[in-house]
Amino acid sequence: MRHTGKILLITLLLSPLAHASSEAAWQQNTQSRQQACLKASGLKAVKVVGKPIQYDDSVGYDAVLLEGRYPQKHMKNQLGHELCLYHRASGKAVVSEADHLRVVK
């Protein structure tokens with residue numbers, strides 16, 4: 001019994017500890033995501049609306065809803081929405097039209 005307790009204690013002391021991301025790392029991710037999504041957007045006066053959806057690391061993406069105005073003349077400055085998928089590992093963002101999505105307040 002004593003041997004088992006000692007082995008367990010040694011194992012716990014030698015096992016690597018999990019470290020949570022710092023607040024600065026979260027802020028950097030938020031800024032990188034916002035800049036990449038706004039840059040990828042085709043809307044003018046674009047802004048992030050709502051809260052991001054952050055998938056776990058096995059997926060590695062964040063989803064953000066964007067809102068702005070269509071720049072095309074025939075769209076007559078109509079309000080539009082885009083969904084941005086941001087890949088955290090690469091820092092790349094892709095957008096797709098998402099006018100059927102709405103922000104719930």
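Values reported hereafter were calculated over all heavy atoms of this structure, with side chains retained and with hydrogens, waters and symmetry mates removed.
- Residue pairs meeting the side-chain hydrogen bond (donor to acceptor under 3.5 Å, both in side chains) criterion with at least one member in residues 71-80, sequence neighbours excluded, are K44-N77.
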Using residues 35-42 as the side-chain source, report each donor-acceptor pair under 3.5 Å to any protein atom, sequence neighbours left out, with the distance given to one decimal.
unit_1	atom_1	unit_2	atom_2	d
S41	OG	L43	N	3.0
S41	OG	E82	OE1	2.6

Can Q31 and W26 be said to form a side chain to side chain contact (heavy atoms under 4.5 Å, CB included), step by step? CA-CA 9 Å; Q31 288 177 348; W26 283 108; over 6 Å; no
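- One hydrophobic cluster, built from ILVMFWY side chains closer than 4.5 Å, holds both Y70 and V95.
- Residues meeting the side-chain hydrogen bond (donor to acceptor under 3.5 Å, both in side chains) test with Q27, sequence neighbours left out: E23.
- Contacts classified as salt bridge (Lys or Arg N to Asp or Glu O under 4.0 Å) and involving residues 89-98 (residues at least two apart or in different chains) are not found.
- V64 and V59 fall into different hydrophobic clusters, defined by Ile, Leu, Val, Met, Phe, Trp and Tyr side-chain heavy atoms under 4.5 Å apart, directly or through other members.
- The list of ring-ring contact (aromatic ring centres under 6.0 Å, His included) pairs with a residue in residues 29-50, not counting sequence neighbours, is empty.
- Here L79 sits alone; no ILVMFWY side chain lies under 4.5 Å from its own, so it joins no hydrophobic cluster.
- Shown here are the side chain to side chain contact (heavy atoms under 4.5 Å, CB included) partners of A25, two or more places apart in sequence or in another chain: S21, S22.
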Step by step, work out the side chain to side chain contact (heavy atoms under 4.5 Å, CB included) result for L66 and V48. CA-CA 5 Å; L66 304 174; V48 174; 3.8 Å; yes
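- Rounding to the nearest 0.5 angstrom, the gap separating the NE2 atom in H81 from the OG atom in S96 is 14.0 Å.
- Every salt bridge (charged side-chain N to carboxylate O under 4.0 Å, His left out) that D57 has, sequence neighbours left out, goes to R88.
- Here Y61 pairs with H87 under the ring pair (Phe, Tyr, Trp, His ring centres under 6.0 Å) rule; sequence neighbours left out.
- For R69, there are no salt bridge (charged side-chain N to carboxylate O under 4.0 Å, His left out) partners two or more places apart in sequence or in a different chain.
- Residues meeting the side chain to side chain contact (heavy atoms under 4.5 Å, CB included) test with S32, sequence neighbours left out: Q28, Y86.
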Between L101 and L65, is the side chain to side chain contact (heavy atoms under 4.5 Å, CB included) condition met? List the steps. CA-CA 8 Å; L101 296 178; L65 185 61; 4.2 Å; yes
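- Taking every heavy atom of both residues into account, D99 and G80 meet most closely at OD1-CA, 3.2 Å.
- Every side chain to side chain contact (heavy atoms under 4.5 Å, CB included) that K47 has, sequence neighbours left out, goes to V49, E67.
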Using the rule given for side chain to side chain contact (heavy atoms under 4.5 Å, CB included), can you reason through Q54 versus D62, listing the C-alpha separation, both sets of side-chain angles and the distance that settles it, and then say yes or no? CA-CA 4 Å; Q54 297 175 319; D62 294 345; 3.6 Å; yes
